[in-house]
Novice: 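Here's a structure for you.
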Amino acid sequence: MALNRCSTCKVEKVKDNGDIYVVNEDKFLRDQQQLIQKEYATTEESIWITTPPPIDTNIIDFDRMIALCNSSFSIPMDYYRTFNTTAALPDTVDKTGMCFLRCLYEKSGILENWKLNRTKIRLNIWPATGDSIEVCEKEGSNEKNPCVRAYDIAKCLTIRALVDARNQPL
């Protein structure tokens with residue numbers, strides 16, 4: 001029997017319609033900001049500087065995004081590693097992995113209103129070559145389930161990244 005150790009946590013089951021639910025997102029983000037402030041706090045003549053250095057909003061903190069999305073769409077990290085090396089999730093019957101990828105792409109700003117952010121992709125994933133952005137944006141455009149559509153887009157980007165990486169001279 002599993003015990004719910006967080007009495008204030010709002011936990012909802014993933015719906016098959018692809019809605020994204022993030023457990024206590026506001027608290028999660030506040031906690032992350034406090035950690036950043038503590039991490040960058042320094043003393044200088046007994047004055048505490050708690051403001052983190054300027055952060056480029058195009059650089060994605062994937063560890064933070066993964067933790068955020070995994071709080072709502074819990075998948076084994078082996079699934080995510082497998083996806084990054086093969087462009088396929090081990091389980092596509094259960095849509096949780098697809099919703100995890102949707103959350104990751106949307107919360108990081110890589111995907112917004114079904115448009116890919118070229119700058120974020122080039123800075124964080126790989127230097128998208130050729131027509132990858134245009135082609136992958138169109139993937140799954142007829143799909144009704146937003147998680148499946150996001151998975152189709154992510155799969156397209158990952159396949160193209162893997163192929164581009166293999167074709168680069170050493």
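From a predicted model like this one, the values you see are computed outputs, not experimental measurements.
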Novice: Mind checking the CG-OH spacing from Leu101 to Tyr151? Nearest 0.5 Å is all I need.
Specialist: 8.0 Å

Novice: Write down the atom of Leu116, the atom of Glu137, and the distance for their closest heavy-atom approach.
Specialist: N-OE2, 2.7 Å

Novice: Hey, any chance Val135 and Trp114 share a hydrophobic cluster, counting ILVMFWY side chains that come within less than 4.5 Å of each other, even indirectly?
Specialist: no

Novice: Inspect the contact between Asp131 and Lys138 and indicate whether a charged nitrogen and a carboxylate oxygen are less than 4.0 angstrom apart.
Specialist: no

Novice: Kindly give the heavy-atom pair with the smallest separation between Arg102 and Ala150, and that separation in Å.
Specialist: CB-CB, 3.5 Å

Novice: Grab the two heavy atoms, one from Lys155 and one from Ala87, that are nearest each other, plus how far apart they are.
Specialist: CG-O, 3.0 Å

Novice: Please check: side-chain N/O of Asn124 versus main-chain N/O of Ile60, any donor-acceptor pairing under 3.5 Å?
Specialist: yes

Novice: Closest approach of Cys136 and Leu157, non-hydrogen atoms and distance?
Specialist: SG-N, 3.4 Å

Novice: Between Asn70 and Ile66 (side chain of the first, backbone of the second, donor and acceptor by atom type, cut-off under 3.5 Å), is there such a pair?
Specialist: no

Novice: Thr92 and Leu89: which non-hydrogen atoms are nearest, and at how many Å?
Specialist: CG2-O, 3.9 Å

Novice: Closer than 3.5 angstrom, by distance alone: can the side chain of Asn58 be matched with the main-chain N or O of Leu123 as a donor-acceptor pair?
Specialist: no

Novice: So which heavy atom on Pro90 is nearest to which on Tyr79, and how close?
Specialist: CG-CD1, 3.7 Å

Novice: Tell me if a side-chain donor or acceptor on Thr85 pairs with a main-chain N or O of Thr82 at a distance below 3.5 Å.
Specialist: yes

Novice: With sequence neighbours left out, write down each residue that passes salt bridge (charged side-chain N to carboxylate O under 4.0 Å, His left out) with Glu134, or none if nothing qualifies.
Specialist: Arg118

Novice: Decide whether Leu111 and Phe62 are clustered together by the hydrophobic rule: side chain heavy atoms of Ile, Leu, Val, Met, Phe, Trp, Tyr closer than 4.5 Å, transitively.
Specialist: yes

Novice: Check the hydrophobic clustering (I, L, V, M, F, W, Y; side-chain heavy atoms under 4.5 Å; chains of links allowed) and say if Tyr105 and Met77 are grouped together.
Specialist: yes

Novice: Mind checking side chain to side chain donor-acceptor pair (under 3.5 Å) for Asn113 and listing every partner two or more places apart, or none if nothing turns up?
Specialist: none

Novice: What I want to find out is whether Arg81 reaches Asp78 closely enough, with some N-O distance under 4.0 Å, to be called a salt bridge.
Specialist: yes

